[in-house]
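Just below is one structure, and these are the notes that go with it.
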Amino acid sequence: MNILITGGAGFIGSAVIRYLINETKHNILNVDKLTYAGNLESLAAVANNPRYHFCQADICDKNHLIQLFNNFQPDAVMHLAAESHVDRSISSSAEFIQTNIVGTFQLLEASRHYWNSLSKEKQSLFRFHHISTDEVYGDLNNSATELFTEVTPYAPSSPYSASKASSDHLVRAWYRTYGLPVIITNCSNNYGPYHFPEKLIPLTILNAMQGKKLPVYGNGEQIRDWLYVEDHARALYVVVTKAKAGETYNIGGHNEQKNIDVVKDICSLLDELVPNKTFGITSYKELITFIPDRPGHDVRYAIDATKIKRDLNWVPQESFQSGLRKTVLWYLNNQEWVNRILTGEYQKWIQKQYQS
Ligand SMILES: NC(=O)c1ccc[n+]([C@@H]2O[C@H](COP(=O)([O-])OP(=O)(O)OC[C@H]3O[C@@H](n4cnc5c(N)ncnc54)[C@H](O)[C@@H]3O)[C@@H](O)[C@H]2O)c1
């Protein structure tokens, strides 16, 4: 298959590409604008593989997309490009509306234009796989045992989740109105290697290593379901190759954790792995600092992933304990990656790659 992936230089997209290049025979075209969150260095291990191709492009640029579709002739699109950080969506939402809604619209239109030119057989095999979030469902009560299923009504809380909900609606409309063979997946919080250090888990690890405060919103009682990113990459591959057009799947890790417990678990791992601290503390837990809660902060997310297990035989392989240990070790062993991103050295690194 030729698979066109948008947002392949991001956290999840790069995990999907590493998986596809290492574990399958498919050809990949990575279409990414390289915003602050896009990082080609996450793909260094596969960048020289002849089945991997990269084009720097904005998904809002429909004409460029049409050109890429015509040249690459994809059998499937996996759409991961997005603005993805809730805090940024609260302070500055315009980019979220532009990329997540308008960009998805342009990508749908470019896909439809290309799909219309295919033979009937190729049309029926084509898939537009939209990667979305469980945040479109809003939140659940802390004490509730209820879980998000594929038929839970949408009730997004933040500009981020509202923009993702909008894009999900567009994708479904392109299926119903134009017959474009789409699939949507809604996933819980991902964690793992190559995660941009603004998100809770990498931020906590990196702040702790520097003896900085570990900020926790509100009382830290908010619950998230955590999925190891490589489990997500495997799930997405199963879905794009096996799911019927028009289907929706929830993907989750069965790993509900309070934010405060996640931060404490990271501290315990660091106490074990990096016991020698130079900042006058006996445990990294002493760095935990509660800060005013995020506006509109969702209380609890919890995914029912029964359908993907039943239909496609996918279950996560990593437990939260094993995945978190791997993640902490990865950040401890890849501080150059982190430093380059944090110091802006990354831009110089990219330029050098392009020159060579
Ligand atoms: N991270 C999570 O926990 C999580 C959970 C569920 C769903 N998702 C969804 O998965 C997808 C990927 O998330 P992520 O965490 O890897 O995001 P990310 O922020 O790490 O990466 C996003 C990528 O999209 C690219 N991009 C942004 N705007 C673009 C544009 N206009 N044109 C082309 N490329 C553009 C960026 O350069 C970056 O490489 C998103 O759609 C997100 O909503 C993420």
Side-chain angles (χ1 to χ4, degrees), residues 4-18 29-43 54-62 64-65 68 77-89 94-107 110 129-137 148 156 158-168 171 184-202 224-233 235-236 249-253 255 262 301 303 305 323 327 341 346-347 350:
L4 187 155
I5 297 187
T6 70
F11 168 50
I12 302 173
S14 67
V16 171
I17 292 178
R18 290 192 303 274
L29 174 61
N30 174 15
V31 177
D32 197 299
K33 183 180 171 184
L34 296 182
T35 65
Y36 80 96
N39 184 352
L40 287 180
E41 211 180 335
S42 307
L43 292 161
F54 170 69
C55 179
Q56 184 168 11
D58 187 335
I59 57 163
C60 299
D61 183 349
K62 184 174 138 199
H64 197 174
L65 291 175
L68 292 173
V77 172
M78 297 175 83
H79 175 32
L80 294 107
E83 288 293 334
S84 69
H85 191 43
V86 176
D87 286 349
R88 284 179 189 257
S89 83
E95 281 295 306
F96 288 72
I97 306 304
Q98 189 60 22
T99 287
N100 299 0
I101 305 178
V102 178
T104 300
F105 159 69
Q106 298 293 14
L107 185 67
H129 180 179
H130 178 59
I131 285 77
S132 192
T133 165
D134 61 352
E135 299 190 30
V136 298
Y137 300 124
F148 295 137
S158 70
Y160 163 69
S161 52
S163 69
K164 291 297 289 185
S166 308
S167 64
D168 290 12
V171 172
I184 298 179
T185 49
N186 298 87
C187 186
S188 58
N189 278 36
N190 283 218
Y191 70 101
Y194 302 102
H195 207 179
F196 192 82
E198 64 187 352
K199 308 273 168 75
L200 179 69
I201 289 181
R224 302 290 178 262
D225 170 38
W226 292 94
L227 179 67
Y228 193 63
V229 67
E230 291 174 11
D231 275 329
H232 190 193
L236 295 179
Y249 286 99
N250 280 354
I251 307 175
N255 271 318
V262 172
Y301 305 138
I303 281 265
T327 306
I341 288 183
Y346 170 61
Q347 291 309 326
I350 286 193

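All heavy atoms count here, side chains included; hydrogens, waters and symmetry mates do not. First listed ligand is number 1; within each ligand, the first listed atom is number 1.
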Checklist entry - Taking the inter-plane angle between the rings of Trp226 and Tyr191 on a 0 to 90° scale, is it parallel (under 30°), tilted (30 to 60°) or perpendicular (over 60°)? => result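 Perpendicular.
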Checklist entry - Distance only, no hydrogens: is a donor on one side chain within 3.5 Å (strictly under) of an acceptor on the other, for Asn186 and Asp168? => result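 Checked: Asn186/Asp168 side chains pair up, N/O donor to acceptor below 3.5 Å.
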Checklist entry - Below 4.5 Å, heavy atoms only, C-beta onward: do Lys164 and Glu135 meet side chain to side chain? => result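 Not in contact.
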Checklist entry - Are the side chains of His129 and Thr185 in touch, meaning some heavy atoms are under 4.5 Å apart? => result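 Side-chain contact under 4.5 Å: yes.
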Item to check | Sequence-distant partners of Pro156, side-chain contact (heavy atoms from CB on, under 4.5 Å), two or more places apart | outcome: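 By the side-chain contact (heavy atoms from CB on, under 4.5 Å) rule, Pro156 matches Tyr154, Ser161, Ala162, Ala165.
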Item to check | Arg88 bridged to Glu95 by N-O distance under 4.0 Å | outcome: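 No, Arg88 and Glu95 are not salt-bridged.
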Item to check | Those protein residues which place at least one heavy atom below 4.0 Å from ligand 1 | outcome: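 Its neighbours under 4.0 Å (heavy atoms only) are Gly7, Ala9, Gly10, Phe11, Ile12, Asp32, Lys33, Leu34, Thr35, Ala37, Gly38, Ala57, Asp58, Ile59, Leu80, Ala81, Ala82, Ser84, Thr99, Ile131, Ser132, Thr133, Tyr160, Lys164, Cys187, Ser188, Asn189, Asn190, given by chain and number.
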